Amino acid sequence: MSDCIFCKIAAGEIPSNKVYEDDKILCFHDLDPKAPVHVLIIPKKHIASMDDVAAEDLELMGYIMTKVKDIAAELGLDNGYRLVNNCGEDGLQTVKHIHFHLLGKRKMTWPPG
Ligand code: 5GP
Ligand code: ZN
């Protein structure tokens with residue numbers, strides 16, 4: 001999608017601090033970290049939000065889930081972490097390209113704000 005900031009990051013048109021990349025997904029450090037480790041995991045395919053995940057995305061979404069532990073291990077999150085998806089207005093989603101926040105290296109609180 002031409003006006004999507006995360007599509008531009010995935011295409012290398014906007015620079016990012018990359019942690020992991022392959023042909024399907026990209027992981028990069030969040031610009032405004034909310035924990036000592038805060039990265040974003042995105043599919044390279046433009047999917048606007050969790051509300052837009054289709055049956056054809058089953059394999060891609062599952063693939064992301066299998067990669068989380070590898071990325072967490074690479075980042076040294078050996079004491080646990082939090083994986084977050086914000087969806088829509090109430091979820092406070094600001095970037096309309098589906099992404100998973102992976103946060104760690106501090107004790108999280110519950111419930112989230
Ligand atoms: P959301 O609120 O949509 O769940 O999260 C969007 C996240 O993207 C925010 O944590 C924000 O800091 C991050 N972000 C927004 N624009 C950029 C950018 O251009 N580069 C990077 N690395 N992170 C961004
Ligand atoms: Zn996009």
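On a predicted model such as this, the values are computed, not experimentally measured, just so you know. We count ligands from 1, going down the list as the structure has it; atoms in each ligand are counted the same way. Side chains are part of it too, since the values below use all heavy atoms of this structure and drop only hydrogens, waters and symmetry mates. Positions are given from 1 along the sequence.
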Tabulate distances under 3.5 Å between N/O atoms of ligand 1 and N/O atoms of the protein, writing both atom names on each line.
unit_1: ligand 1; atom_1: 2 (O); unit_2: Leu92; atom_2: O; d: 3.1
unit_1: ligand 1; atom_1: 2 (O); unit_2: Thr94; atom_2: N; d: 3.4
unit_1: ligand 1; atom_1: 2 (O); unit_2: Thr94; atom_2: OG1; d: 3.0
unit_1: ligand 1; atom_1: 3 (O); unit_2: Thr94; atom_2: N; d: 2.7
unit_1: ligand 1; atom_1: 3 (O); unit_2: Thr94; atom_2: OG1; d: 3.1
unit_1: ligand 1; atom_1: 3 (O); unit_2: Val95; atom_2: N; d: 3.0
unit_1: ligand 1; atom_1: 3 (O); unit_2: His99; atom_2: NE2; d: 3.0
unit_1: ligand 1; atom_1: 4 (O); unit_2: Asn86; atom_2: ND2; d: 2.9
unit_1: ligand 1; atom_1: 4 (O); unit_2: His99; atom_2: NE2; d: 2.9
unit_1: ligand 1; atom_1: 4 (O); unit_2: His101; atom_2: NE2; d: 2.8
unit_1: ligand 1; atom_1: 5 (O); unit_2: His99; atom_2: NE2; d: 3.0
unit_1: ligand 1; atom_1: 5 (O); unit_2: His101; atom_2: NE2; d: 3.3
unit_1: ligand 1; atom_1: 10 (O); unit_2: Asp30; atom_2: OD1; d: 3.2
unit_1: ligand 1; atom_1: 10 (O); unit_2: Asp30; atom_2: OD2; d: 2.5
unit_1: ligand 1; atom_1: 12 (O); unit_2: Asp30; atom_2: OD1; d: 2.5
unit_1: ligand 1; atom_1: 22 (N); unit_2: His29; atom_2: O; d: 2.9
unit_1: ligand 1; atom_1: 22 (N); unit_2: Leu31; atom_2: N; d: 3.4
unit_1: ligand 1; atom_1: 23 (N); unit_2: Leu31; atom_2: N; d: 3.3

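By the salt bridge (Lys or Arg N to Asp or Glu O under 4.0 Å) test, Lys24 is found to be paired with no residue, residues two or more places apart in sequence or in another chain being considered.
At the Zn ion (ligand 2), the vertex angle linking SG of Cys7 with ND1 of His46 is 110° (nearest 10 degrees).
Here the side chains of Ile64 and Pro43 are in contact, with some heavy-atom distance below 4.5 Å. Side-chain contact check for Met50 versus Phe100: some heavy-atom pair is nearer than 4.5 Å.
Interatomic distance, Asn17 CG to Cys27 SG, rounded to the nearest 0.5 Å: 9.5 Å.
Ring centroid separation for the pair His99 and His101 comes in under the 6.0 Å cut-off.
Ionic pairing of Glu56 and Lys45 is present here: one or more N-O contacts between side-chain nitrogen and carboxylate oxygen are shorter than 4.0 angstrom.
With Lys44 contributing its side chain and Ile42 its backbone, the two residues share no donor-acceptor pair below 3.5 Å.
Among heteroatoms of the N, O or S kind in His97, ND1 lies nearest the Zn ion (ligand 2).
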